[in-house]
Amino acid sequence: MLIIRIITILIFFSTLNCNVIYSQPKAPRAEIKQEASEIQLKKDQTTDKKIVSLLIILVIMLMVLFYFYYQNNELKRKNKQKTIQQKIQFNIINSSIDGQENERKKIALFLHDNINSLLSSVGLHLNTFSALNNIESDEITKAKAILAEAHDRLRDMSHELIPTLLVRFGLIYALEDLCEKNSNSNIHFQFSSSVPTDKRYSERFEMKIYFIVSELFSNIINHSQATEAQISLHEKKNRLTIILHDNGIGFNAHKLQEMEGFGLNRIRSRIKKLKGSFSIISRANENTGCSVRLKVPIS
Amino acid sequence: MTQKIKIHLADDHQVLIDGLTNLLRTVTDFEVVGNSLDGTTIYDDVINNEAAILLLDISMPKKDGIEVLKEFNQKGFPCKVIILSSYDDLKIIKEVMKLGAKGYLTKKSAGENIIQAIKTVNLGEEYFDDYVREKIFSSFTQNNPKLNRSSFSENQILSARELEIITLISLEYSGKEISEQLFISLNTVETHRKNIMKKLKTKNVIGLVKYALKNNLIKP
């Protein structure tokens, strides 16, 4: 708009200039009038000069304006590109997480339901064999021991992939269980919730929150040197709020913004996808606090 | 001749049902009268074949074990239920015991314990395999500072279950509390108590507490 206005002003001035030039030959040739015309000419010349300088100034201004306009556009374009790139990166992270979660679930359920039953029936047949033949051989005892170990490893693996409690009894149960499982002589996880334990959310939501919390837990266990940690859950106005706190060594939350590891990036992008917010309050060499706030999507 | 114990099997894996059937056939007192691959028809099946014991898996398609137990709760239990599951989470165990199951076996220990489990439950007692039993006990007592965990080792006279009961009695839990927390009936608790007293040759509870203290089961 500004540009158009400037151009109209420019055209207006240039037509003025033309008029001046055209009016020159029309000047009267009488002597008396010559002086007057000379004065007139001088006057005209000064106005001419004024107009030219004005024009130059205008052109310069126009160029400057155009430069800024161009610069602005370029910046906008770059910003747009950046946000698109960010979005793409964000989508890549999220879809890889989604894929991982689906695969996890598939493998865990397969191990848990199918392989477990197969192993179990091997054990049954072994027992049948020794019962029928009345044999107590070392080989069979050994085979049974190996079977028992296979069972244990399978259980640990499938639990690590996805806790069966989460699928069957829901998020609150599973988080409570996670606290119990992670508590030992080094660290104690305290669980409190104002949400009833039998409350169920959508399966996707439960999985996402569970993995976010378990990642935060493993951060605490591996890096914080804490001896006490608390997690509390509240639900208000269709928003689930999770607050995690530990008494560990803490870290520099400002420094973290610049160079945070992939773990926190993953957590951040997961929370972003849930349209939630995430904040860390912590200072190095003091107690660290970490609070996560999330919105529950209505589904 | 005593009547055979009729057993119905419910699991979504045919291979496990075959294995179970084979093993149970080796016991002359047992008779496998039917099986189900999902939960939908179990109630009617059990009514029809008059099974006394139902071996029930939790994860089954269409209708899972917990749904079946809920149905039994509504319509009345046609038989005694032993859970045979690959789950070993305490919360799940507690849930199904609250819903009226009489025994809980993990698939890991099925081969070793299934025969004993069926016999025990058929006599009206509860049965858990060692792993489940220990899990229930330790969750009940985990916050009790008076419990001496390290001393829970081999004991020539008392069984593992009896050690648990004598410990809880010495920690001043009532019979009712013990029965509720360990998911066994009051009768079972009483039976255990009497057996322990007989084994230790004492006449009253004070003798039990003295034994528990002497053997470092509890801290004074």
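Order of the sequence lines fixes the chain letters, A, B, ..., with proteins taken first and strands second; residue numbering starts at 1 for each chain.
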- Using a cut-off of under 4.5 Å for heavy-atom pairs, which of A:L154, A:N114, A:V122 has the most such pairs with chain B? A:N114
- Shortest non-hydrogen contact from B:D11 to A:S117? OD1-OG, 4.4 Å
- Message: With a 4.5 Å cut-off on side-chain heavy atoms, are A:L118 and B:V15 touching?
- Response: yes
- Neighbourhood of chain A inside residues 60-87 of chain B, taking heavy atoms under 4.5 Å as contact: B:D64, B:I66, B:S86, B:Y87
- Item | Within 6.0 Å of NZ in B:K102, more than 12 heavy atoms from elsewhere | no
- Item | Which atoms of A:A131 approach chain B - backbone, side chain, both or neither, heavy atom under 4.5 Å | side chain
- Item | Side chain, backbone, both or neither of B:E95 within contact of chain A (heavy atoms, under 4.5 Å) | side chain
- Message: How about NZ on A:K106, more than 12 heavy atoms from neighbouring residues, nucleotides or ligands closer than 6.0 Å, or not?
- Response: no
- Item | Atom pair NZ/NZ of B:K108 and A:K144 - distance to nearest 0.5 Å | 14.0 Å
- Between CD1 of B:I114 and CG of A:N127, what distance do you get to the nearest 0.5 Å? 10.0 Å
- Query: Which atoms of B:D57 come close to chain A, meaning under 4.5 Å heavy atom to heavy atom: side chain ones, backbone ones, both, or neither?
  - Reply: neither
- For B:T26 and A:T128, which heavy atoms make the closest approach, and how far apart are they? CG2-CG2, 3.6 Å
- Max heavy-atom pair count under 4.5 Å with chain A, selected residue of B:I17, B:D88, B:L24, B:D18: B:D88
- Query: Got a second to check how far A:H151's NE2 is from B:Y131's OH, nearest 0.5 Å?
  - Reply: 12.5 Å
- Message: Can you confirm whether A:R153 is buried at CZ, in the sense that more than 12 heavy atoms of other residues, nucleotides or ligands lie under 6.0 Å from that atom?
- Response: no
- Residue A:H125 versus chain B: region with a heavy atom under 4.5 Å: side chain
- Item | Non-hydrogen atoms of B:K107 and A:N116 that approach each other most closely | CB-OD1, 4.0 Å
- Task: Residue by residue, scan residues 31-54 of chain B and write down, ordered by number, those that have a heavy-atom distance under 4.5 Å to chain A; if none do, write 'none'.
- Result: none
- Can you tell me if CG on A:D138 sees more than 12 non-hydrogen neighbours from other groups inside 6.0 Å? no
